[in-house]
There are 2 protein chains.
Amino acid sequence: MQESSPVGSKTTSAPETPLLARLRQMIVTGVVQPGDLLAETALAQDFEVSRTPIREALKQLEREGLVEVRARVGTFVRKPTQREIHEMFSLKEAFEGLAAGLLARRGEVPELEQLKENVARSRQAVERGDAELYSHLVHEFHSTLVAGADSRKLSEHYDLLMNQLAYHRIVSQTLSLPGRLQNSQDEHQAIIDAISSKDPLTAELVMRRHVNASSQSAALAALKEDEEHPG
Amino acid sequence: MQESSPVGSKTTSAPETPLLARLRQMIVTGVVQPGDLLAETALAQDFEVSRTPIREALKQLEREGLVEVRARVGTFVRKPTQREIHEMFSLKEAFEGLAAGLLARRGEVPELEQLKENVARSRQAVERGDAELYSHLVHEFHSTLVAGADSRKLSEHYDLLMNQLAYHRIVSQTLSLPGRLQNSQDEHQAIIDAISSKDPLTAELVMRRHVNASSQSAALAALKEDEEHPG
DNA sequence: TTACGATTTGTTGCATGCAAGAAATGCTAG
DNA sequence: CTAGCATTTCTTGCATGCAACAAATCGTAA
């Protein structure tokens, strides 16, 4: 265990391999679906590398909760349980509430401007009835808000969480929209107001109420979706 | 991308290898210190396995933020930056606040009894002036509280966080505790009271104030420590 | 037809060899 | 003595071979 030099960790660690990113993308976007087998040999051929780097990527995805590696059986795309989804929504509320509070403390930052623009564009999307665009903008709103908290550790945990929730999100999103659309829009505006007035406590409170309301309707939709297409 | 059977993820995924656990333990307990080189070949000989499983473990520890792998240079034990420590304390507050709220909603559960016993034992430790025992009990208090939230996902994120904070904890806690000893004890009691009366909002609020106060004290101690022994 | 056992197939786990590159070392010239 | 360059050493990255095991398949007997 010899000693050496580098103790001051730099600003950030090395960027992850493109291979890992591509595999993760395939899962969260639903290109491969829960239950599908991800065989190392097959992937190695597809990506034109050996099994070794594939293996490393799959191991990481296992830790991220996206796949399940069963020894000497295979690696399978994982589907979160209903309970896990519920737990993850609780965490989402905590993370985004924290982010809103931190952002409110920061004052005038570019992310705040981006949020305002986002709400403006969202309003147009609502008027036009463009559900797809609105969905995209909602996602962007939450991403921007967390990024605006300016906390790398928070972002890491948040990304980890949202990757596991992503597949679930895209299947339930469209279903949960209609009823909550206008409410959601109003809540976004309220969040921005609280942040703009540098009121961290209110910002967090309003944010958490918003996430909670969204989560409940999304969870409801997911449950319905799951009953129709079990397993 | 052929399809297959297992879609219902079981209660839990496979337990991690003992090798990974041992390596992680070496880092969080300070057996190897920030900046130390963890060479794959050397570790392979120590653990009497080939480089392959060592590699996998090190990669995972990199994902957990405990080591930094520099390509074709070496794998080094990582030391969080002051900023990262600050960010992690924010997350700790959010996690434990969430846990306190969830626990307060659960009513009578064994973990609540354990917390009460913990406070009782802590009081004795305070009277005896047993700082080491008290330090241990403080850690146990927080662990039990999070476990009592009964959320696997929360626990996963919390463990991930605390592993990165562990080394920092053992070097700074002994310094930061003495001054806050009685305060900390009172706050623990207040947290239990709120949980016992099934008041989630108060439980979370009190918990967060407690974590915040402890964190500030710890961060201060760490800063002082760091000035004397710069990384 | 059905139940059951042997065999075949498919998968991951691990060991090992080699190459690429970074860093330390030593050597040489001034 | 110092600076700079060549060389050596040490490290990880990747490819590949083989073993262990699980599961599916096929054949056989009742």
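Order of the sequence lines sets the chain letters (A, B, ...), proteins ahead of strands, with each chain counted from 1.
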By side-chain hydrogen bond (donor to acceptor under 3.5 Å, both in side chains) - contacts of A/S90 (at least two apart) | none

Can you tell me the distance, in whole Å, between the CD atom of B/E16 and the P atom of C/dG13?
-> 15 Å

Mind checking whether B/L154 and B/F95 have side chains closer than 4.5 Å, heavy atoms only?
-> yes

Whole Å only: how far is the CD atom of A/E40 from the P atom of D/dT16?
-> 15 Å

Can you pull the side-chain hydrogen bond (donor to acceptor under 3.5 Å, both in side chains) pairs that have at least one residue in residues 98-111 of chain A, sequence neighbours excluded?
-> none

Please list every donor-acceptor pair under 3.5 Å in which a side-chain atom of residues 137-146 of chain A meets a protein atom from a residue at least two apart or in another chain.
from   : atom 1 : to     : atom 2 : distance (Å)
A/E140 : OE2    : A/N118 : ND2    : 3.1
A/E140 : OE2    : A/R121 : NH2    : 2.9
A/H142 : ND1    : A/E96  : OE1    : 2.5
A/H142 : ND1    : A/E96  : OE2    : 3.2
A/H142 : NE2    : A/H210 : NE2    : 3.4
A/S143 : OG     : A/H139 : O      : 3.1
A/T144 : OG1    : A/E140 : O      : 2.8

side-chain hydrogen bond (donor to acceptor under 3.5 Å, both in side chains) involving B/E204 - partner list, sequence neighbours excluded | A/R208, B/R208

Should A/S50 be listed as having a side-chain N or O under 4.0 Å from OP1 or OP2 of D/dA15?
-> yes

Distance in angstrom units between A/E48 CD and D/dA15 C1', rounded = 15 Å

Between C/dT16 (P) and B/Q45 (CD): distance, integer Å | 12 Å

If you restrict it to nitrogen or oxygen atoms, what contacts under 3.5 Å exist between nucleotides 18-23 of chain C and the protein, and what is each distance?
from   : atom 1 : to    : atom 2 : distance (Å)
C/dA20 : N3     : B/R72 : NE     : 3.3

To the nearest Å, how far apart are A/L38 CG and C/dG10 C1'?
-> 15 Å

Gap between atoms CG and C1', on A/D36 and C/dT11 respectively (whole Å) = 16 Å

Looking at DNA chain D, which of residues 52-61 of chain A put a heavy atom within less than 4.0 Å of it?
-> A/T52, A/P53

Write down the distance between CZ (A/F76) and P (C/dG10), rounded to a whole number of angstrom.
-> 14 Å

Any B/T75 side-chain nitrogen or oxygen under 4.0 Å from OP1 or OP2 of D/dT11 | no

Go through the structure and list residues passing ring pair (Phe, Tyr, Trp, His ring centres under 6.0 Å) with B/Y167, not counting sequence neighbours.
-> none

With sequence neighbours left out, the residues meeting side-chain hydrogen bond (donor to acceptor under 3.5 Å, both in side chains) with A/R24 are A/E16, A/E64

Backbone N or O of B/R180 within a donor-acceptor pair of the B/S184 side chain at under 3.5 Å?
-> no

How long is the line joining CZ of B/F47 and C1' of C/dC14, in whole Å?
-> 17 Å

Dump every N/O contact between nucleotides 5-8 of chain D and the protein below 3.5 Å, one line per pair.
none

Ring pair (Phe, Tyr, Trp, His ring centres under 6.0 Å) filter on B/Y158, not counting sequence neighbours, yields none

Among all residues two or more places apart in sequence or in another chain, which pass the salt bridge (charged side-chain N to carboxylate O under 4.0 Å, His left out) test with A/R51?
-> A/E40

Using the test side-chain hydrogen bond (donor to acceptor under 3.5 Å, both in side chains), find all partners of B/E56 that sit at least two apart in sequence or belong to another chain.
-> A/R55

